[in-house]
Engineer: 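Below are the structure tokens for one structure; questions will follow.
Quantities reported herein were computed from a predicted structural model and do not represent experimental measurements. Computed from heavy atoms alone, side chains included, the values below leave out hydrogens, waters and symmetry copies. Below, read A as the first sequence line, B as the second, and so on, with proteins coming before strands; counting in each chain starts at 1.
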Amino acid sequence: MPEYSFKLNGEQVTVNVPGNVRLLWVLRDILGVTGPKYGCGLGVCQACTSHINGKAVNICSVPVEQLKPNDEVVTIEGLPATVGKDLHPMQEAWLKHDVAQCGYCQPGQIMAAVAHVNKARKGPGREIDDDDMDNIRNICRCGTYQRIRAAIKDGAENMPRGSRPNP
Amino acid sequence: MTSHRASPEPDNSAPEGTGRRQFLGYLLAAPTLVVATRLIGDVVDPPKAAAAGLPPTPALADVYDLSDALTDATRPTANLITVEVREDGTIHHASPVSENGQGITTALAMVIAEEMSVPLQRVKVTLADARPELLFNQLTGGSNNLHAKSEPLRIAAAIAREQMMTTAAKQWGVSRNDLTVRDGVIRHPDGRSADYGSLATAAAALTTTAVATPPLKPRSEYTIIGTKQDRIDALEMVTGRKTYAGDLKIPGALPTMVHRGPDIGATIKSVENRDEVAMMPGVTDVGVITNGVAVRAQTFGQCIDAVRALKVKWHPGPLANESDDTVLKKLKDATIPMPPAPPGAKVLEFDFVNYFNSNTPLETGFAVADVRSDSAEIWYASKIPIIALQEIAQRLGLPQNAVTFHVVPGGGSFGRRLFHDPAMDAAEASQLFGKPVRLMWHRSDDFRHGRAHPMAVSRVRATYLGDQVLSYMQHHTSVKTDFGHGLGEIITGTLSKQELGNLSVAEGIYQLTTKTFYNFGLTESLLNEIPLPFWTSSMRNVYSPNVRCAQELMVDQLANAMGKDPLEFRLAYGKSEYHPVLRKAAELGEWGRKLPDGVAQGIAIADEYKHRICTLVEIDCRPETVNREVTPAPEEGYVTGPRVTKVTVVVEPAHVYDPNGFEAQLQGGTNDGIAIALTFSNHIKDGLPLEGSWDQGYYTRQWNTPREMTIHFLPNTYDERRTPGGAGELAVAPAMAAVACAYAHATGTMPTEFPINHNNELPFHPFPTQPPMPQSHTDGLDHAY
Ligand code: FES
Ligand code: FES
């Protein structure tokens with residue numbers, strides 16, 4: 001069976017698996033990393049959102065063969081390390097606003113939030129606002145959207161400008 | 001044995017002897033202190049007299065509501081609720097009710113922390129395995145949990161506290177009355193102190209003994225209950241460490257999925273290529289179970305490949321000829337005719353259609369099973385684990401005591417996890433393959449073969465003369481609701497005990513959840529159900545969103561006919577107990593403020609689970625808003641449409657234990673109400689919903705949720721028994737109704753079909769029914785952001 005290698009939360013990992021198996025299943029079923037959740041497998045719900053080379057990606061839609069050895073995959077488990085802390089400022093904000101209900105969507109929400117804040121900042125002097133947040137696609141079936149918005153604004157304030165989600 | 005009558009609220013002014021339960025407390029023989037309580041008797045409240053005044057006809061729910069029925073149903077077996085103190089000073093309780101995001105474990109931890117005076121962080125609430133001796137107590141539905149569960153738990157916690165205090169007093173040779181406790185530390189004025197943990201062993205009982213119930217902490221001394229506290233599982237949830245069924249690492253439990261039929265209830269005729277599929281990469285097993293063809297493989301990705309490759313022939317199920325329009329016709333044909341209107345009266349009459357709404361939670365059906373020849377172990381987020389255990393044991397041909405059923409946290413429920421079909425699929429597959437399995441429903445399985453709130457038609461007629469409403473009649477006709485195995489029977493069993501007539505399960509629940517809100521003279525509300533075998537269930541509510549929405553739209557029609565402002569009309573005709581929430585919502589939401597054309601407000605009230613609620617919304621129906629886009633735009637399938645821009649919710653609660661969790665539930669419920677008013681439904685075609693993903697079934701997304709949502713609590717003033725009710729379902733009905741009313745005001749057209757966009761041109765291409773699930777995409781990296 002083919003071998004694929006990439007960096008996962010700061011460590012080089014190698015897996016033996018057919019190349020068309022999506023990264024979500026490689027992480028969950030083979031490597032036992034279960035922070036990224038399955039909610040559709042179709043790039044719709046965003047529950048699987050993780051970062052690849054600092055950008056948010058639906059890893060249910062990435063065949064593992066598309067990864068190169070230097071690609072850096074960061075899941076919710078590896079997010080705090082990207083800022084060298086026990087918790088990322090976005091996770092702190094999530095706690096402060098007590099966002100989660102069932103919690104199932106929340107790893108994906110937090111990973112998406114960090115990327116959306118960084119994306120908004122590509123505009124000179126811009127910070128994420130309500131218009132940007134209208135474009136967040138992550139489903140929360142428990143309906144925590146109001147607290148998600150409040151937490152993102154708060155978390156953004158404590159995310160240093162220019163910070164990227166990967167070291 | 002001593003029994004003591006315990007009052008749930010020492011400072012409660014309710015007359016002695018009404019609504020009180022008697023509990024026995026025990027110290028259980030164990031290495032550290034373990035306390036248990038068990039109900040031994042009950043004093044039932046006599047039904048209260050209906051509200052004064054002639055009109056309207058009192059409804060059953062006015063005197064006794066679903067919350068009471070569920071609480072009473074669980075009372076006789078509310079036995080053996082335990083609290084354990086460990087040497088590290090942590091307090092443990094294994095909750096017999098499940099956690100699916102409602103925050104129940106946090107609220108129960110608050111009850112314990114309050115009564116024992118320990119920091120909330122030291123209380124650990126886990127989920128108990130199925131416990132057949134707790135039959136019927138172990139269910140999570142109808143939002144009654146805290147209401148039913150908190151009392152025996154408080155008593156257990158109080159006994160634990162007293163046992164700690166007397167142990168310390170004995171060790172120090174002092175009087176218990178000289179001791180105080182704070183933050184889990186017992187102190188004597190002379191300076192000596194001891195942590196609960198250091199006394200846990202000394203306080204333990206050598207033999208199990210019955211003990212007296214000590215006085216409970218008076219409400220005036222509460223420092224935790226009623227204050228804002230964070231959820232006890234919050235850290236686990238934001239770090240990805242919270243373990244749901246699909247995250248469990250049970251040795252050998254490989255991914256397993258099921259190839260399901262082209263219509264609901266279809267049965268397998270033949271599998272054409274089983275051996276071929278069994279040879280596919282990663283696949284270990286393929287075989288037929290009750291609900292389809294199960295496939296076990298190294299990864300779920302390979303399960304999807306195998307499920308899609310299977311060629312299966314099916315016998316059509318009982319609904320293969322049903323579609324939206326055939327169901328609608330059956331519902332209309334079954335509607336109970338209205339009696340003739342009084343001569344000379346003006347008549348308003350409308351039919352309101354509510355389509356099916358999927359209750360698919362974000363975590364699809366995940367279950368783990370390890371079935372051996374003589375035993376079985378199951379993991380599933382069941383809300384009725386005892387019934388699940390019994391039915392699975394029967395299907396597997398094992399005695400009940402050979403089956404262990406672990407209740408795991410669920411990723412949402414909304415009625416779905418009253419049903420244990422994913423656990424049954426897993427159990428059957430594990431038995432068939434002789435191997436452990438970790439089974440997952442695809443999202444399209446969950447939409448198409450999961451549960452849905454039933455389609456219903458509400459016929460409403462009001463008659464009036466001048467400014468006098470003479471009658472209000474509502475004949476609600478619904479596809480039969482499945483209340484989950486056992487739940488309905490529990491409720492009706494209680495009902496007949498309460499001498500509330502010989503209603504059917506559904507009629508009983510309908511009557512319990514449908515109150516009269518307005519003085520509309522002759523008032524009648526009837527339910528009729530048609531027995532179409534769709535997979536239905538409650539969904540964050542049973543009837544009230546649809547029933548209330550129709551009623552509030554009619555209220556606006558009457559106001560309009562009499563030339564009155566909707567708020568003014570509600571204050572004139574609404575029962576006076578709803579005036580405080582109406583007035584406060586109008587004030588905070590700035591009722592009547594000037595808005596552009598195409599933007600309007602709507603207001604609605606509801607009353608359930610012992611809380612009164614009013615929701616005021618603003619909706620923007622201007623074309624530039626309705627046609628707004630989401631960027632980057634998905635290829636197809638998202639809907640924007642009218643936008644609810646601002647929501648004000650005012651609640652007069654019965655008693656709020658956990659205001660933070662309560663507020664969260666009201667926010668979530670409001671987003672549900674918006675979804676079922678505007679966008680979220682199933683389209684049925686040839687016996688199957690067309691929807692298969694979230695870009696087809698439009699639950700509220702960020703682009704449709706209001707940017708402004710204010711939740712305001714009035715002081716607790718209402719329920720004299722002051723047992724806390726749940727909040728998971730409370731906000732749905734008034735949100736749906738207020739959005740519908742606002743939409744009517746904004747567009748000048750009263751909506752009669754819900755969700756309002758249901759009969760627009762279908763905005764997506766449905767997935768085929770064969771193969772039964774779509775393949776995952778490969779372009780994730782192209783959409784990185
Ligand atoms: S599971 Fe990846 S987007 Fe839904
Ligand atoms: S918290 Fe339950 S789906 Fe978002």
Engineer: Looking at side-chain heavy atoms only, is the closest gap between A:V21 and B:D305 below 4.5 Å?
Structural biologist: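 With C-beta onward as the side chain, the pair stays apart.
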
Engineer: Under a 4.0 Å threshold between the charged nitrogen and the carboxylate oxygen, would A:D29 count as salt-bridged to B:R438?
Structural biologist: yes

Engineer: Any chance you could measure B:K228, atom NZ, to A:D98, atom CG, to the nearest 0.5 Å?
Structural biologist: 6.0 Å

Engineer: Scan B:R643, B:Q702, B:R628, B:R701 and name whichever one has a side chain to side chain donor-acceptor pair (under 3.5 Å) with A:D134.
Structural biologist: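 One option only clears the test, and that one is B:R643.
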
Engineer: Using a 4.5 Å cut-off on heavy atoms from C-beta on, say whether the side chain of A:I30 contacts that of B:T299.
Structural biologist: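 The answer is yes, as the side chains (C-beta and beyond) meet within the 4.5 Å cut-off.
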
Engineer: Under 30°, 30 to 60°, or over 60°: which ring-plane class applies to A:H116 and B:Y785, parallel, tilted or perpendicular?
Structural biologist: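 Because their plane-to-plane angle lies in the 30° to 60° range, the rings of A:H116 and B:Y785 count as tilted.
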
Engineer: Say you draw a straight line from CZ of A:R141 to OG1 of B:T700; how long is it, rounded to the nearest 0.5 Å?
Structural biologist: 9.0 Å

Engineer: Are the side chains of A:N135 and B:W703 in touch, meaning some heavy atoms are under 4.5 Å apart?
Structural biologist: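 Not in contact.
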
Engineer: If you round to the nearest 0.5 Å, how far is CD of A:Q66 from CG of B:D782?
Structural biologist: 7.5 Å

Engineer: So do A:Y104 and B:M237 actually touch side chain to side chain, heavy atoms under 4.5 Å?
Structural biologist: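 No, too far: nothing below the 4.5 Å cut-off.
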
Engineer: Measuring only between side-chain heavy atoms, which start at C-beta, is A:P18 closer than 4.5 Å to B:Q302?
Structural biologist: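 In contact.
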
Engineer: Other residues, nucleotides and ligands only: do more than 12 of their heavy atoms fall within 6.0 Å of CG on A:N70?
Structural biologist: no

Engineer: Where does B:L235 contact chain A at under 4.5 Å (heavy atoms): side chain, backbone, both or neither?
Structural biologist: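 Its backbone and side chain both get close to chain A.
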
Engineer: If you measure from OH on A:Y145 to OG1 on B:T705, what distance do you get to the nearest 0.5 Å?
Structural biologist: 7.0 Å

Engineer: Working to the nearest 0.5 Å, report the span between CG of B:L781 and CD1 of A:I52.
Structural biologist: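 Separation between the atoms: 5.0 Å.
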
Engineer: Less than 6.0 angstrom from the centroid, inside 45 degrees of the normal: does A:R28 satisfy that with respect to the ring of B:F300?
Structural biologist: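 Because its charged atom misses either the 6.0 Å distance or the 45° angle limit, A:R28 does not stack over B:F300.
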
Engineer: Taking all atoms of both residues into account, what is the closest heavy-atom pair of B:R443 and A:Y38, and its distance?
Structural biologist: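 Result for this residue pair: N-OH, 2.8 Å.
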
Engineer: State the SG-CG distance between A:C40 and B:D446, to the nearest 0.5 angstrom.
Structural biologist: 12.0 Å

Engineer: Does B:V238 reach the side chain of A:L95, with side-chain heavy atoms less than 4.5 Å apart?
Structural biologist: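 Yes; the side chains approach each other to less than 4.5 Å.
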
Engineer: Mind running side chain to side chain donor-acceptor pair (under 3.5 Å) on A:Q146 and B:R707 for me, showing each step along the way?
Structural biologist: CA-CA 7 Å; A:Q146 280 64 33; B:R707 290 181 182 185; over 6 Å; no

Engineer: Do the non-hydrogen side-chain atoms of B:F414 and A:C142 ever get within less than 4.5 Å of each other?
Structural biologist: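 When only atoms from C-beta onward are counted, A:C142 and B:F414 do touch, with a gap below 4.5 Å.
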
Engineer: With B:H777 as reference, evaluate A:L42, A:N58, A:V44 under the side-chain contact (heavy atoms from CB on, under 4.5 Å) test and give the passing residue.
Structural biologist: A:L42

Engineer: Are the side chains of B:T778 and A:P63 in contact, using a 4.5 Å heavy-atom criterion?
Structural biologist: yes

Engineer: Let me see the working for B:D230 and A:K96 under side chain to side chain contact (heavy atoms under 4.5 Å, CB included), right down to the final yes or no.
Structural biologist: CA-CA 8 Å; B:D230 292 337; A:K96 180 174 159 198; over 6 Å; no

Engineer: Going by an N to O cut-off under 4.0 Å, is there a salt bridge joining B:E708 and A:R149?
Structural biologist: no

Engineer: Answer yes if the side chains of A:R147 and B:Q667 hold a donor-acceptor pair under 3.5 Å, and no otherwise.
Structural biologist: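 There is such a pair (donor and acceptor under 3.5 Å, judged by atom type) between the side chains of A:R147 and B:Q667.
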
